[in-house]
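Reviewing the structure listed below.
Because the structure is predicted, anything quoted here is derived from the model rather than measured. Chain identifiers are assigned alphabetically (A, B, ...) following the order of the sequence lines, protein sequences preceding nucleic acid strands; residue numbering begins at 1 within each chain.
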There are 2 protein chains.
Amino acid sequence: MSTAPDLLFRTLADPTRRAIFERLCREGEQTVGALTALSGVSQPAVSKHLGALKLAGLVRDRHEGRQTHYSAQPGALNPLIDWTSQMAGFWQNRLDALDDLLKRMDQ
Amino acid sequence: MSTAPDLLFRTLADPTRRAIFERLCREGEQTVGALTALSGVSQPAVSKHLGALKLAGLVRDRHEGRQTHYSAQPGALNPLIDWTSQMAGFWQNRLDALDDLLKRMDQ
DNA sequence: GGAATCCATAACCAGCAAGTTATGGGTTAA
DNA sequence: TTAACCCATAACTTGCTGGTTATGGATTCC
């Protein structure tokens, strides 16, 4: 089945990487330099994280001169939403089944 | 800030661990033995995963004689839902702001 | 009581992933 | 053209984590 959530979970599991993504969501497009400034890690580390985010489809990059602008791609979160609601759905189904059972026993 | 999503993402990032959780969501309560049977890894590995899931609040355990039954605790997914909709919200806000800007420019 | 079963923990191993420094390519500025 | 800047990649180190086997405690069955 869908291996999509796997990449998303793995990519978002790292705190510094998720922080970068959150920042892009909050504040919109940012250059690598700007992201590095507040990330607490070195510039190559940030570049690697951005590469991972891009691989997961979570960000887009746009080259402009010698700087690269990154922006969040929130549609990529959809598989996460799907997965979560699916889990919640299974839960609900079993609740419903239990409910049915109880009703039948009640008769 | 909420460190809740962090533990959730980290815990759900591992495929076998997430598979165990999915199975508990789908099929309800299961013993360690039953989970081990289809997990593809050893019983101690499953126990460790269940420990991690429990630590994250994703499962509950119930002891009955010599076996332990585990069940999903889907409410624990709420921080994940919150985080996701927050990200989507930021995105939407920036879209709205852009929309406003365009409208003002249009006048 | 003794054997078998279920599970958790301990101890250990190997691989990966996130960090670092070093470097280089491309771009702007002097 | 040279210098400075921005970013990406390479090479390397290290710590964590997911896996294993070994073991033991608790429980059930004979």
_Side chains of A:E22 and B:F90 in contact at under 4.5 Å (non-hydrogen atoms)_ = no
*How is A:T36 classified with respect to the nucleic acid when contacts are heavy atoms under 4.0 Å: base, sugar-phosphate, or nothing?*
nothing
*Check ring pair (Phe, Tyr, Trp, His ring centres under 6.0 Å) between A:W83 and all other residues, then give those that pass, not counting sequence neighbours.*
A:F9
*B:R23 atom CZ, neighbour heavy-atom count above 12 within 6.0 Å*: yes
*Neighbour count >12 (heavy atoms, 6.0 Å) for atom CZ, A:R60*: no
Return the value, rounded to whole Å, for the distance between atom [atom1] of [X] and atom [atom2] of [N].
X     : N      : atom1 : atom2 : value
A:L50 : D:dA8  : CG    : P     : 7 Å
A:L55 : D:dT9  : CG    : C1'   : 15 Å
A:L53 : D:dC7  : CG    : P     : 16 Å
B:D61 : C:dC6  : CG    : P     : 18 Å
A:K54 : D:dC7  : NZ    : P     : 14 Å
B:R62 : C:dC7  : CZ    : C1'   : 15 Å
A:H63 : C:dG25 : NE2   : C1'   : 13 Å
A:Q67 : C:dA29 : CD    : C1'   : 14 Å

_Between OG1 on residue B:T36 and CD on residue B:Q30, distance to nearest 0.5 Å_ = 10.5 Å
*Enumerate the residue pairs fulfilling ring pair (Phe, Tyr, Trp, His ring centres under 6.0 Å) with a member in residues 28-80 of chain B, sequence neighbours excluded, ordered by first and then second residue.*
none
*Where along nucleotides 15-30 of chain D does protein come under 4.0 Å, by heavy atom, of base (B) or sugar-phosphate alone (S), with - for untouched nucleotides?*
---BBBBB----BB--
_Please confirm whether the shortest side-chain N or O distance from B:Y70 to OP1 or OP2 of C:dC6 is below 4.0 Å._
no
